[in-house]
Visitor: 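After the structure tokens below, expect a handful of questions from me.
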2 protein chains.
Amino acid sequence: MGINERKEREKAELSQLILKGAMEVFLEVGFENTSIRKIAERIEYSPGTIYVYFKDKDEILHELHHTAFDQLMEVMEKTAVHQEPIDQVYAIGDSYITFALENPQLYDLMFVLRAPMNAINPECEWEDGFRTYEYFKSVLIKAVEKGQLKPVDPEVLCVTFWATVHGLVTLYLRERFQNLPQEQIEPLMRYSLREMVKQYELVTSDQ
Amino acid sequence: MGINERKEREKAELSQLILKGAMEVFLEVGFENTSIRKIAERIEYSPGTIYVYFKDKDEILHELHHTAFDQLMEVMEKTAVHQEPIDQVYAIGDSYITFALENPQLYDLMFVLRAPMNAINPECEWEDGFRTYEYFKSVLIKAVEKGQLKPVDPEVLCVTFWATVHGLVTLYLRERFQNLPQEQIEPLMRYSLREMVKQYELVTSDQ
DNA sequence: CAAATTTATTGAACAGTGTTCAAAAATGCA
DNA sequence: TGCATTTTTGAACACTGTTCAATAAATTTG
């Protein structure tokens with residue numbers, strides 16, 4: 001049944017084409033201006049076709065949110081070049097800020113917008129977020145075990161660090177740092193995060 | 001010219017009526033489902049009338065965002081009952097979380113949504129945010145002066161604390177804490193924040 | 001008081017949105 | 001080729017923010 005296989009392949013290809021077009025439109029015009037009709041026009045199909053391959057707009061956004069997590073995960077895993085867990089903690093923080101500032105739309109999709117979360121079954125697993133969260137936590141656990149961070153519950157450490165960096169970048173991306181001089185914001189964010197992590201270090205060898 | 005005065009009064013009254021209706025609709029159905037037509041229907045006027053009193057939807061949302069800040073400011077100022085600045089710091093953090101959890105829509109309007117910020121002149125003063133920020137900073141300065149917090153730049157302290165609490169509540173409100181057991185999230189947020197502030201205390205007299 | 005003028009309100013219209021679904025086109029099989 | 005199945009279409013529905021000529025109301029003038 002080679003034909004059925006080809007058909008399945010074609011279905012998958014059109015699925016991917018839709019997502020590719022959706023990502024292009026999304027990155028170009030942002031969440032608020034991304035419409036099904038624009039995506040359809042981009043890939044030269046009718047709006048109706050999209051609904052054969054995806055249940056609704058939220059499902060498409062969820063797929064984009066998924067590939068965004070792949071990108072963030074890749075960036076985070078590159079910090080494994082650092083031998084010491086504590087160094088990796090700082091590197092992850094810095095990479096996270098860089099990723100958010102370089103991919104503001106993707107960041108929104110991953111951590112701010114409600115839409116992509118609507119495509120997740122009721123009360124259940126947010127696998128993409130879980131993956132990155134657990135990776136970061138594993139690094140924190142190693143840092144605690146090595147005596148580089150105070151013996152605080154890793155869950156608490158993880159939530160606290162994540163919340164801080166998330167708070168920093170979202171306040172910035174949503175223009176809530178208007179009281180600060182524009183050019184000072186990014187350095188301040190990075191400094192603020194570093195200093196905060198530093199408070200949790202066990203042996204502080206401040207220069 | 002009593003008539004002109006009465007007319008101005010009536011204009012102001014209808015302005016307020018629109019905002020009252022807008023706030024009701026907004027709190028009932030949320031940002032995504034608040035439409036000009038629904039607001040008009042609520043106050044029994046035509047959609048067109050609203051545009052005589054407000055430039056666009058963003059301007060209305062900006063007004064709501066303004067009254068939301070009044071509410072938050074009131075809550076924050078109540079923490080002044082604490083004699084010691086450091087106690088007030090903890091109290092403000094706790095009140096902030098409570099306010100966000102009790103008024104998720106208002107919190108969105110103040111710190112997450114782009115819409116209300118669009119009604120602010122280009123690159124200029126976000127007075128509402130500034131007011132609360134400066135108030136919090138003044139408390140932090142006092143705490144530093146009294147030797148209750150480490151001598152860190154108050155601007156850095158302020159941004160860090162604010163980002164952490166903002167990060168905690170937004171991750172929660174946007175359902176990004178799905179990996180944690182629902183009933184543990186709120187206590188964990190409060191604990192996480194307290195522990196974080198504690199790291200910045202000069203004299204730690206743990207439990 | 002009546003007419004003219006100014007002010008306030010209306011609601012249809014425009015261009016857009018997500019989504020559905022009967023009809024049309026394309027494809028596969030005999 | 002003819003028939004059956006699958007795929008694609010695009011008009012239609014009920015919305016959205018916003019505009020603006022037309023209507024209604026209020027005020028001023030004669």
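Residue numbers start from 1 in every chain, and the chains themselves are labelled A, B, ... in the order their sequence lines are given, proteins ahead of strands. Keep in mind that what you see is a predicted model, and the values were worked out from it rather than measured.
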Visitor: What's the CD-P distance between Glu41(B) and dC15(D), to the nearest Å?
Guide: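 Spelled out: CD on Glu41(B) to P on dC15(D) is 10 Å.
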Visitor: Do the ring planes of Phe136(B) and Phe161(B) sit parallel (below 30°), tilted (30 to 60°) or perpendicular (above 60°)?
Guide: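 Plane angle between 30° and 60°, so tilted.
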Visitor: Under a 4.0 Å N-O cut-off, is there an ion pair linking Arg176(B) with Asp128(A)?
Guide: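 A salt bridge is absent here (no side-chain N lies under 4.0 Å from a carboxylate O).
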Visitor: With a 4.0 Å heavy-atom cut-off, tell me which residues in residues 50-60 of chain A come close to DNA chain C, sorted by residue number.
Guide: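 Close to the strand are Tyr51(A), Asp56(A), Lys57(A).
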Visitor: Regarding Gln178(B) and Tyr133(A), do their side chains bring together a donor and an acceptor under 3.5 Å, going by distance alone?
Guide: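 Their side chains do not contain a donor-acceptor pair, so the 3.5 Å distance test is not met.
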Visitor: Please tell me whether Gln199(B) and Lys150(A) have a donor and an acceptor in their side chains that are separated by less than 3.5 angstrom.
Guide: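 Side-chain D/A pair, Gln199(B) to Lys150(A): present.
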Visitor: Rounded to whole Å, please give me the gap between CG in Asn118(B) and P in dG17(D).
Guide: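 Going from CG in Asn118(B) over to P in dG17(D) covers 14 Å.
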Visitor: When you look at CD of Gln83(B), are more than 12 heavy atoms from neighbouring residues, nucleotides or ligands closer to it than 6.0 Å?
Guide: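 No, CD of Gln83(B) has 12 or fewer neighbouring heavy atoms, counting only those of other groups under 6.0 Å.
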Visitor: Return the residues of residues 15-36 of chain B meeting this criterion: a heavy atom under 4.0 Å from some atom of DNA chain C. Order them by number, or give none.
Guide: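 None, since no heavy atom is under 4.0 Å.
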Visitor: If you look only at pairs with a residue in residues 20-37 of chain B, which of them pass as a side chain to side chain donor-acceptor pair (under 3.5 Å), with sequence neighbours excluded?
Guide: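 Qualifying pairs, neighbours excluded: Lys20(B)-Glu24(B), Glu24(B)-Arg42(B), Glu28(B)-Arg42(B).
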Visitor: Give a yes/no answer on whether the side chain of Ser46(A) brings an N or O atom under 4.0 Å of OP1 or OP2 in dT8(D).
Guide: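 The answer is no; no side-chain N or O of Ser46(A) sits under 4.0 Å from OP1 or OP2.
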Visitor: So with a 6.0 Å cut-off around OH of Tyr53(A), is the heavy-atom count from everything else above 12?
Guide: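 Result for OH/Tyr53(A): enclosed.
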Visitor: Indicate the ring-plane relationship of Phe69(B) and His65(B), choosing parallel, tilted or perpendicular according to the 30° and 60° boundaries.
Guide: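 Because their plane-to-plane angle is over 60°, the rings of Phe69(B) and His65(B) count as perpendicular.
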Visitor: In whole angstroms, how far is the P atom of dT10(C) from the OH atom of Tyr45(B)?
Guide: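 My rounded result for the distance is 7 Å.
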Visitor: dG17(D) P sits how many Å from Arg37(B) CZ, rounded?
Guide: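 Those two atoms, CZ and P, are 7 Å apart.
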Visitor: Measure from CG on Leu14(A) to C1' on dT7(D) and round the result to the nearest Å.
Guide: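 Result: 10 Å.
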Visitor: Whole Å only: how far is the CD atom of Glu44(A) from the P atom of dG10(D)?
Guide: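 After rounding, the gap between these two atoms is 13 Å.
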